[in-house]
Each structure stands twice: as C-alpha cells, then as structure tokens.
Amino acid sequence: MSVIALDASSSCGERPFLHAAATNANAIRWYEWIGFTLRCRTVFSLVRHTGAAALEETA
C-alpha cells in the first residue's frame with residue numbers, strides 16, 4: 001500500500017491495516033518504517049483435508 005493511499009484513507013476516517021506472519025521480520029520492519037504500529041497478534045491455523053474427501057473436492 002502506498003503512502004499516498006494511507007494518507008487518503010486516513011483523511012476519510014478509515015483505519016488501514018496489514019497482516020504479516022510473525023516470522024516475516026522484513027515486512028514488519030517495512031510496515032513500521034512507513035508508519036504502521038503493532039496492535040495485536042493473531043494466531044492463524046492451516047486446516048487441510050486429508051483422505052478421500054480431499055481427492056473428491058479437487059477432482
């Protein structure tokens with residue numbers, strides 16, 4: 001997201017946000033450099049189908 005877009009959304013009363021994996025230190029550093037601050041940490045889970053059900057869905 002460009003700094004111009006951030007300024008425009010802020011002037012409209014909107015609050016932009018970004019998600020980054022905790023292990024993605026480069027992205028977090030960049031976001032902080034352009035003015036974002038860490039508000040909260042979220043735990044994401046990956047759920048994957050296994051077995052016959054997964055094969056039927058991909059066919």
- Item | Hydrophobic cluster identity match, W30 and L38, side-chain contacts under 4.5 Å | no
- Item | Reported CZ-to-CZ distance for the pair F17 and F36, which is rounded to 0.5 angstrom | 9.5 Å
Below 3.5 Å, can you tabulate the donor-acceptor pairs from side chains in residues 19-28 to any protein atom, sequence neighbours excluded?
residue: N24; atom: OD1; partner: A27; partner atom: N; Å: 3.2
residue: N26; atom: OD1; partner: R29; partner atom: NH2; Å: 2.5

